[in-house]
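Just below is one structure, and these are the notes that go with it.
So that the names make sense, note that chain A is the first sequence line, chain B the second, and so on, each numbered from 1. Source: prediction; values computed, not measured.
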Amino acid sequence: MNIILIPILLPLLTGLALLLISEKTKYLKELLGIGAAAVSLLAAVNILLVHPAPLHHHWLGTAISFTLIADNLSAFLLLAVSLFSLAISVYSFSMPNKGSAKWFYFNLLMTQGFAAGAALSDNMVAMLFFWEGLLVFLYTFIALSQNTHAAKRTAMKAFLINAVTDLCLLAGVTITGYIAGTMSMSDISANKLTLDYGWSLFAYVLLLIGAVSKAGAFPFHTWIPDAATDSSAPFMAYVPAAIDKLLGIYFLARASVYLFTLNGTMQLVLMSLGAVTILVAVMMAFVQKDYKRLLSYHAVSQTGYMILGIGTLNPVGIAGGLFHMINHATYKSCLFMTAGSVERQAGTGELSKLGGLFRAMPVTGVCFLIAAAAISGIAPLNGFFSKELVYKGTLDTGYTVFFLAAELGSFLTLASFLKLGHSVFFGARPEGMKETKEAPFSMLLPMLTLAGICVAFGFGARFPIEWFIAPSLAGMNIETGLLWGFHADKLYFVSVIVILAAVMNHLFGLSAGGGKPSKSSDHIHYAPVLKETYALAERKVFDLYEQTMDRVVPPVSLALFKVDRFFDWTIDALPGGVASFFGGASRRFHNGSYPLYMALTIAGAAVYILLAGGLK
Amino acid sequence: MSTFAMEWYLIAIIIFTGFYCMLASRSIVRQLIGLEIVSKAAMLSVISAGALTDNLVYAQALIITMIVIEVVVVAAGLALLVKNFRLHGSADIWKLDSLKG
Amino acid sequence: MTYHNLLFVLAAVFAVWAVMAKKLLTSAIMLASLSAAVSLIFFDFGAPWAGVFELSVCAGLITVLFIGAVSLIRAEEEKHPENRTRFYALPLAVAIFAIAAWFYLPAFFDELATGRQMAAGGGTIGLALWDLRRPDMLGQVLMLAAGVFVIKSVFPRRTENK
Amino acid sequence: MDKGLLAYLLIPLLSAVIIPFAAKNRPKLADILANVTLLAGLANLAWLALRPSIIRGEFADIPGDGLSLLLVAAIYLVAFCVTFFSAWFLDEHLPNRQAYYSLILVSVAAMCGVVTTTDFFTLYVFIEVLAVTSFALITTDESSGGIEGALKYFFLTFPASALIIVGIAVMMMSLGGLSFESLRIFMAADAPAGTVTFAAALMMLGFLIKAGVAPFHAWTPDAYQGAYAPVSAYLAGIVTKISGVYAIIKLATLLRFFDGRAQAVSEMVMFLGMFSIALGALAALKQTNFKRMLAFSSISQVGYIVLAAGLGTPLAIMGAVFHLLNHATFKTVLFLNSASVEKSAGTTDMDKLGGLEHSMPWTSWTSIVALLSTAGVPPLSGFWSKLLIILALWESGLKTYAVLALLFSIVTLAYFMMMQKKVFFGKKTAAAESSPEVSAPLLAPVVLMSALIVALGLLFPYFYTYVKMVAERIIL
Amino acid sequence: MDLPVKMLILAVAVPVLGAFLIPIAARVSTTARNAFAVLLGLFTFLAAASLFSTVLGGQTASWGLSFPRGFDLILHADLLSVFMASVSAFVSMIILIYSVDYISHYENQTEYYLMVVLFLGSMMGLVFSANLMWMYVFWEMTGFASWRLVGFFRSDRDVAKANKTILVTVFGALCMLIGIIIVYFDYGTLDLRMLHGQAISYAAAAFILVGILSKSATLPFSTWLPDAGVAPSTVTSLLHAAVLVKIGVYAYARIFGVTFAAPDAFSNAVLYIAGASALVSAGAALIDTDIKRIIAYSTISQLAFIFLGLASGNKTAFIGAILYILMHSVAKGGLFLCAGIIEQNAHTKDINKMGGLFSSMPVTGVAFALCSLSVMGIPPFGGFFSKFLVFSGAAQNGNLTVLLMFLAGAVMTLLYLVRLFYKIFLGEPAGHNNPKEGSFTMVASVMALALIGLALGALIYYPSAYAELLTNSLGVNLQ
């Protein structure tokens with residue numbers, strides 16, 4: 001058996017096996033899940049190192065075969081997926097708020113298996129198969145994580161948003177496959193498509209919708225904050241923070257770099273999308289009052305950087321985007337894990353009720369600090385380097401406005417993490433949390449590992465780039481030297497300014513908010529214009545999903561229903577009415593009157609004789 | 001105009017009279033009388049046609065049969081009339097309009 | 001206007017009279033007169049057998065039947081006499097029909113007459129009935145049987161009800 | 001006249017004459033005598049039909065044109081079903097019981113005369129006999145409706161007799177004879193046919209009136225609705241079909257409509273046929289009386305036969321003959337069902353009925369079989385005959401007629417579905433509770449006929465061969 | 001006569017004739033009747049499935065009964081007919097098993113079994129007929145059986161809907177008969193094997209299409225199908241999902257897919273009709289509140305996708321359509337049977353009166369969810385592949401409008417199914433007392449269908465290879 005199948009089949013089979021295990025068994029489920037994830041990780045490492053032979057299998061008829069290829073990009077992605085799966089499995093070992101353990105691990109393993117499949121698939125149909133297959137587990141993951149109606153509703157929202165955009169992806173794949181004449185991505189990349197004519201542009205746009213929606217970018221992101229409230233921390237750490245970003249950005253890069261040759265217009269579209277995502281989400285994140293919810297908006301916001309990076313279409317930007325993808329998964333998972341720890345230990349995620357936990361939970365606090373610094377782009381952590389690459393790429397395109405937007409996003413990111421960190425780990429500890437202790441080891445280990453990676457990829461930024469990213473972009477002739485290490489650059493200067501500005505803002509906010517760190521964003525939250533905007537956002541006016549469901553779907557379906565009723569009328573009431581008319585006329589005519597009948601007979605006979613009798 | 005045409009012209013008028021009677025009359029007796037008038041005219045047409053083609057014997061044979069039929073038909077009609085009269089106390093066929101729709 | 005045609009006209013007049021007569025009894029008698037005229041026409045055509053049958057059966061038997069029926073319903077008929085306006089219109093209608101038909105019916109009948117096929121003629125009425133029209137005799141038998149059963153059926157013998 | 005079939009005419013006549021004497025004081029004997037007579041005829045026919053060559057589908061030794069024999073069989077079958085049904089249906093104290101059976105037997109004899117005769121005047125004579133017996137049969141139960149129906153039937157169909165006589169006069173004059181054969185020979189020759197066509201047109205008009213083809217249909221619903229229940233079945237099933245429709249088919253074949261010698265008549269007949277189909281079907285839609293609806297349905301179905309006869313091609317004649325036969329089966333079933341309903345529920349007003357299938361399953365199911373056959377739902381017999389008619393129309397290029405004829409099947413189905421909904425198919429109602437299934441002897445003829453409908457449909461190739469033979473013999 | 005031919009005849013004759021023996025079996029005992037009916041279903045399925053070995057070996061089996069004027073009854077087993085027969089017979093068999101419990105609460109059970117088996121037999125006859133006239137004959141027989149079955153509950157409303165059903169479908173069938181007659185006079189034969197590859201006139205194609213559209217409930221004849229939802233769930237399932245509406249689709253595949261070369265403009269018109277149908281009925285499904293009506297609208301909408309596949313005119317789409325028939329039969333059958341369990345135990349069909357049923361009927365809920373996912377076309381369920389291939393073929397057809405219509409249709413499919421599932425199983429309970437789970441056989445039947453949907457996704461190679469073989473060896477005028 002080809003080793004390439006292990007990361008896919010092992011989690012899937014283990015997941016199915018879990019379903020057979022009784023809920024009552026202790027630790028068996030958890031251990032099985034962790035074991036499968038660990039073995040998968042080993043296999044992934046192996047795959048990255050040896051690049052096993054592609055696997056072909058007859059699949060959908062004879063025309064479309066099931067092909068798995070581990071090229072640099074996909075092997076790298078597979079490694080990331082496996083790593084995060086293992087981390088979350090371990091982390092969830094003693095995490096109570098994850099719903100039924102059996103179903104949690106089932107969902108986790110299935111997600112892992114399908115994500116690995118999507119990463120390894122060379123055939124677009126196979127990729128789509130795994131990609132869309134994730135939908136089911138996305139739904140069950142959210143729906144089963146809490147036993148509330150809100151969870152079900154959010155699960156439905158997540159499912160519908162992703163399913164609709166996946167359908168777009170499906171259509172895009174079919175058109176791409178048709179114009180390329182093949183479904184194999186490696187074949188297409190050998191002979192890339194252009195956006196010259198309508199169909200291919202249409203195809204790319206559909207693929208783009210699928211990819212950015214999976215990555216959780218604006219305007220398809222709205223389920224993520226909801227999920228943050230209605231589902232568990234491990235889920236947030238795993239799916240929206242890690243797996244979805246990895247797959248979405250992976251396929252965006254695939255499509256933009258390997259499948260299509262993009263043009264300037266599309267570049268602008270992508271970059272705008274990235275910038276808008278950054279700003280909109282970070283503005284929302286900034287004013288959040290809930291630990292996970294705040295993080296979830298950041299998860300959206302950070303996607304913007306990746307899209308911006310890939311949208312630059314220059315090697316530096318793309319490398320930055322991909323690097324940011326892996327970095328983001330690392331620190332955002334880590335952050336969600338800290339959120340989970342805090343929630344488990346302190347019993348709440350509301351910022352106003354938390355405070356001063358650093359002493360009680362020093363390891364968690366340290367992990368938080370590292371990850372928060374990384375996400376805020378503070379040197380020398382990994383986030384800094386990837387963001388720098390994205391900035392550089394953006395500047396290279398000449399669109400300074402996007403650079404400024406990204407920097408503004410950076411500023412707000414840092415500001416919001418200052419608020420978050422201050423609220424949770426510093427300041428006065430509330431009365432009820434005197435007894436709070438550090439999280440158990442099984443939760444700390446993955447956090448520490450991820451924090452460690454943040455640091456390692458920061459100081460040793462050349463290693464991930466050299467090992468993973470540069471090979472992934474092998475065709476682009478990147479001057480790898482440019483991609484890592486410290487270069488004397490005006491960007492450092494800018495970043496220092498941003499950091500200073502953020503700190504000042506925080507201090508100003510603290511004083512304005514009466515010294516309460518959780519209110520340190522109120523001066524922006526309740527600023528003129530913004531206040532109204534935020535109020536609207538709270539009412540979900542900007543939520544594409546809610547608006548569509550409330551404003552578009554009912555009238556459209558009602559109109560279609562009316563059309564349906566019209567056709568019903570034409571086949572039911574109309575012929576019935578016509579028949580009734582004739583039948584009624586006949587009933588009135590046949591009134592039993594003998595002279596009428598006699599006249600009819602004689603007149604009929606006369607006409608008959610005149611017409612047929614030859615009586616000219 | 002030949003005699004034949006004249007005969008048939010008058011036959012047509014008699015038939016017209018008979019049908020007019022059936023159309024205009026309410027009384028079942030007059031209906032029967034109209035019917036008789038029409039069948040008389042029909043007999044005349046047969047004998048006239050027989051005479052024209054020198055086939056009188058054959059025509060007579062037909063007419064004898066027709067007379068037998070006529071008697072039975074009239075008897076049946078009158079029987080129905082009487083039965084109707086016993087049932088409804090009237091011989092007005094226009095009042096018979098209970099079957100309709 | 002020959003004697004022959006006059007008989008036809010007479011028949012037509014009797015027919016109109018039979019329709020227009022105020023009393024049903026008059027109508028029945030006029031019908032008998034019509035039958036008599038018809039039988040005269042038969043004789044005139046040289047069809048004595050038909051004439052005899054017509055005179056005896058139609059002018060005789062049928063008239064008796066009619067008079068019987070009329071006398072049965074006469075009381076009711078006199079109580080509710082028919083609206084006679086329609087019958088007064090008959091001569092007018094006949095006249096209109098006659099004038100309208102005059103223009104093309106005779107021509108049409110002439111055309112019919114030209115298409116005639118002469119028959120051999122001859123033979124006796126008995127032979128004609130027995131040899132040529134034997135199935136008709138069967139039909140007559142059936143008809144008579146039917147007539148009997150019709151009367152039996154319409155006027156059943158009631159024993160239980162009384 | 002076909003002498004081989006004379007016995008089928010004479011024996012019922014004999015029996016009819018005997019019945020009043022033999023059954024004078026024993027009314028039940030009338031039932032037995034009538035049934036035995038008809039059954040004997042049927043047995044004889046069966047004995048004829050069960051010869052190996054016939055079973056193999058070789059009809060070479062069928063006497064005459066084959067149509068007479070077929071129709072004699074149909075007449076006997078329907079008449080037997082009706083008498084058998086009547087034997088259990090008739091009121092114990094019905095005063096004219098003997099006359100009733102005698103009349104049926106006389107009309108059977110007359111119908112045999114109609115289908116075996118080879119002469120127009122004889123045809124007329126037998127048709128008159130048939131008419132006279134029908135008037136009396138309709139009034140059997142002495143109800144007011146019966147009298148009304150009979151009187152309307154009597155007077156509204158009378159113009160037909162006069163027209164037929166005038167037609168006979170013209171034909172005698174222009175053809176020199178009245179036999180079918182002479183007309184056939186004349187039409188096959190190339191002589192100018194104006195006067196003969198006029199004669200035929202007059203006779204055709206008479207037959208159209210007798211057949212109840214629209215616009216001469218006015219008497220049909222009244223007569224069928226008013227008639228004594230089993231008599232409705234008898235009239236609709238066979239009597240008017242023989243007295244009118246058979247004559248139309250016969251005349252159509254003799255006039256050789258298919259080679260266009262009498263095109264004006266042919267077109268007129270087809271038009272009237274189509275008109276009947278439409279009028280009957282549409283009028284039936286809103287009926288509330290079971291029997292009246294069936295009567296309109298009958299008009300509509302007769303329209304199909306007349307349409308095909310008016311076309312007159314061999315295929316059309318095959319369709320017409322086959323449909324005539326089918327009409328006899330399914331309309332008998334439906335009318336006998338209506339009689340059962342009347343006996344059981346006491347009314348035929350559909351608005352007062354409902355859900356009868358729960359208490360009268362046999363009646364309900366046989367009515368379904370019959371209605372599906374009427375509406376031309378395969379594989380029942382009605383489908384094949386309609387198909388032949390429509391194929392014939394299409395083949396002759398009359399596509400509009402073909403499409404219309406086909407689409408009026410849906411109207412047929414619609415009113416029958418309405419009838420099913422109102423009478424049989426539905427929740428158990430008070431009416432259903434109080435109307436038990438009729439006794440087995442009343443069901444037997446209906447079930448027999450239903451079986452025949454299915455059999456005629458499934459054995460279509462066999463009957464096709466027969467009907468084809470008939471069409472070939474009567475046209476060529 | 002060799003074995004495949006015998007099996008072919010038996011596959012048609014046993015259910016058709018056996019159906020009429022059911023009343024006799026009912027005289028023996030209820031159990032005997034039920035067992036007999038199920039056995040008939042099982043036998044039919046086995047007989048049809050046994051023909052796979054013949055057709056996969058590149059052979060066909062034919063049997064003819066001579067009828068006059070070229071209306072011969074020809075039974076012909078080829079790749080398409082065996083596929084269709086097996087799918088229908090399989091789902092019918094499941095339905096019969098399910099019925100044993102489901103229908104035991106109601107009256108008229110004997111008639112029910114008779115009609116279901118007769119329906120099955122007619123369907124077998126229909127798919128195996130290689131003569132258009134006999135196709136029509138069996139077509140009408142199915143219509144008759146469905147009439148009795150839709151009116152099963154006998155209330156005025158039921159019977160009115162039953163009448164509507166039969167009138168609409170028979171109207172269509174009559175139009176189809178006109179088309180058949182045109183074909184008959186154009187070519188002098190109705191033997192589909194001889195007509196293979198011929199061109200067909202627009203008039204004939206249009207008339208036949210009316211029949212197909214009415215039977216498979218596509219605009220403008222669609223609404224009889226939701227109205228027929230008054231029937232027992234097994235019937236709606238049988239009628240809607242597995243068999244009746246597939247008749248139209250099968251006829252389309254048989255007549256325009258593998259027999260005649262349909263004109264391009266005609267196929268395009270079909271695409272637009274199907275697109276409109278998909279949208280309109282999906283919209284209606286979002287408005288309606290009756291569980292069975294919603295699923296019926298969903299059926300209409302999904303059938304449009306099959307038509308999209310069949311009419312796109314290329315092999316990919318055709319393969320997709322064939323797979324779609326399979327997947328949709330299984331999944332939609334499951335949905336209707338779930339609806340049956342819910343309806344029977346919750347005593348309502350109004351989804352607003354349900355809510356939160358998942359806790360009390362989890363197995364049904366899971367089966368419902370799995371079947372819904374298959375209908376939505378979510379992997380790893382079989383529905384994904386069929387939807388993908390159909391879209392793929394539509395893309396190859398190059399008609400953007402049609403593609404967008406169907407994309408919108410697919411989106412709305414997601415919406416109404418999720419809405420349905422949410423309203424029934426999740427949502428706030430609305431005044432019901434937690435109805436119980438269905439009986440074992442009923443639940444097992446729905447679960448079996450759901451799992452089969454899953455298995456078909458996992459083992460997609462076999463059905464897709466079969467569909468491809470079918471398309472390659474039989475398809476006419478496909479790119």
Segment of [X] engaging chain A (4.5 angstrom heavy-atom cut-off):
X	value
E:Ile319	neither
E:Leu389	side chain
E:Leu404	side chain
E:Leu459	neither
E:Phe421	side chain
E:Leu426	both

Pick whichever of [options] has the most heavy-atom pairs under 4.5 Å with chain E.
options	answer
A:Ile175, A:Val173, A:Leu167, A:Val164	A:Leu167
A:Ile64, A:Val556, A:Asp166, A:Val125	A:Val125
A:Phe129, A:Phe159, A:Phe566	A:Phe129
A:Val563, A:Val553, A:Leu160, A:Leu558	A:Leu160

Run the salt-bridge test on E:Lys161 and A:Asp572 with the 4.0 Å N-O cut-off and return the result as yes or no.
->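 Between A:Asp572 and E:Lys161 there is no salt bridge, as every charged N stays at least 4.0 Å from the carboxylate O atoms.
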
Does the side chain of [Y] come within less than 4.5 Å of [X]'s, by heavy atoms?
X	Y	answer
A:Lys157	E:Val418	no
E:Tyr422	A:Arg153	yes
E:Phe171	A:Ile571	no
E:Ser392	A:Met183	yes
A:Phe561	E:Leu286	no

Run the numbers on E:Thr223 and A:Trp569 for side chain to side chain contact (heavy atoms under 4.5 Å, CB included), then give the verdict.
-> CA-CA 9 Å; E:Thr223 56; A:Trp569 180 79; over 6 Å; no

Is it the backbone or the side chain of A:Phe114 that comes under 4.5 Å from a heavy atom of chain E, or both, or neither?
-> side chain

Okay, A:Trp131 and chain E: the region with an atom under 4.5 Å from a heavy atom over there is neither

Max heavy-atom pairs within cutoff under 4.5 Å with chain A, candidates E:Tyr416, E:Tyr297, E:Tyr466, goes to E:Tyr297

May I ask you to name which of E:Leu415, E:Val168, E:Thr316 has the most heavy-atom pairs under 4.5 Å with chain A?
->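 Looking at each of E:Leu415, E:Val168, E:Thr316 in turn, E:Leu415 comes out on top.
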
CG/E:Asn352: more than 12 non-hydrogen atoms of other groups inside 6.0 Å =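 Yes, enclosed.
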
Taking atom NE2 of A:His56 as the centre, does the number of heavy atoms from other residues, nucleotides or ligands within less than 6.0 Å exceed 12?
-> yes

Test E:Leu403 against A:Trp199 for side chain to side chain contact (heavy atoms under 4.5 Å, CB included), laying out the working first.
-> CA-CA 11 Å; E:Leu403 191 67; A:Trp199 275 99; 3.9 Å; yes

Dump the intermediate steps for side chain to side chain contact (heavy atoms under 4.5 Å, CB included) on E:Met412 and A:Leu560, then the final yes or no.
-> CA-CA 11 Å; E:Met412 292 174 82; A:Leu560 290 170; 3.4 Å; yes

Between the side chain of A:Tyr178 and the main-chain N/O of E:Gln396, is any donor-acceptor distance below 3.5 Å?
->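 Side chain of A:Tyr178 to backbone of E:Gln396: a pair is present.
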
E:Ser464 side chain vs A:Trp59 backbone, donor-acceptor pair below 3.5 Å |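 Yes: the side chain of E:Ser464 pairs with the backbone of A:Trp59.
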
